[in-house]
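Report on the structure given below.
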Amino acid sequence: RRELWISALCWCTMFTAFMVALTMTGVARVLVTMSVAPLLTALLSRLVTGHRLPARTWVAIVVAGAGMAWMFAGQLGDSVSTREWLGSFVALGVPIAAAVHWTIAQRSQAHGEPLDLVPSVLIGALISCALTLALAWPFQATGRDMAWLGFLGLAQLAIPCVLAVLCARVLPAAEVSLLGLLEVVFGIALVWLIAGEAPHAEVLAGGSLVIGALVVNELLGWYQQRQDPGSIGLA
């Protein structure tokens, strides 16, 4: 179906833009660019599906966005090269493609035509591999490198992406994208633990805002569904 291929192209864009952007600029700059995904998803979903977002989700998006801005305020103020800014522009392809994908998933649910978009993850990955094959030249990865790449491909891409597609069947597009902001927080934490890049105070404060927004939004949604079971899938 057409939606399946559009979704596959979205995954291809997300995979490719993310990896290419990381070769051009820092992890923090790529992540902060990706953090606009919830807002783009909410706006596109509202325009395409007419899905009215509950106030709690809009508030959570605003608070999480403020947390992201606070988190990277110091880093964004640093002078950067043209290549780094171009990397941020490339990274912008990730939230744009994500917004399109989650909106497609939400639209199919709204019209009572649930689509199995899980295969689109694999198709998108294969297209991305074909497009970036030349960038892998001269193929100097060692056996150890390939083992790590295989592990990351499974644990960091395949499994999370498939789970995200499954979640999109029962959660509004904006909420799925909002939950994806956790990748930013965990990304900072892992860089801190593994690479020794200690986050600034504003990073910790901003991360707390993001986590708080996510938790409060989901708890309010859970409470509302218990009070009004008929609202499931509408709020």
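Hydrophobic cluster membership of Val62, counting Ile, Leu, Val, Met, Phe, Trp and Tyr whose side-chain heavy atoms lie under 4.5 Å apart directly or via other members: none, as it forms a cluster of its own.
In this structure the side chain of Thr13 never reaches within 4.5 angstrom of the side chain of Val94, judged on heavy atoms. At a threshold of 4.5 Å between non-hydrogen side-chain atoms, the residues Val121 and Phe15 count as touching. Side-chain atoms of Met24 and Val90, non-hydrogen and from C-beta on, do get closer than 4.5 Å to each other.
With sequence neighbours left out, the side-chain contact (heavy atoms from CB on, under 4.5 Å) criterion links Leu92 to Thr33, Val36, Pro95, Ile96. Among residues two or more places apart in sequence or in another chain, the side-chain contact (heavy atoms from CB on, under 4.5 Å) test is passed with Ala8 by Ser120, Ile123. Every side chain to side chain donor-acceptor pair (under 3.5 Å) that Thr142 has, sequence neighbours left out, goes to Asp145. Checked against side-chain contact (heavy atoms from CB on, under 4.5 Å), Leu122 has the following partners two or more places apart in sequence or in another chain: Leu126. The side chain to side chain donor-acceptor pair (under 3.5 Å) check on Ser128 picks up Thr16, with sequence neighbours excluded.
Atoms CD1 and CG, from Ile159 and Leu154 in turn, are 4.0 Å apart once rounded to the nearest 0.5 Å.
Residues Gly87 and Ala21 share a closest heavy-atom pair of O-CB, 3.5 Å. The minimum heavy-atom distance between Ala66 and Leu209, with the atom names listed, is C-CD1, 4.5 Å.
In this structure, Phe186 is a member of the same hydrophobic cluster as Phe18, with clusters built from ILVMFWY side-chain heavy atoms closer than 4.5 Å.
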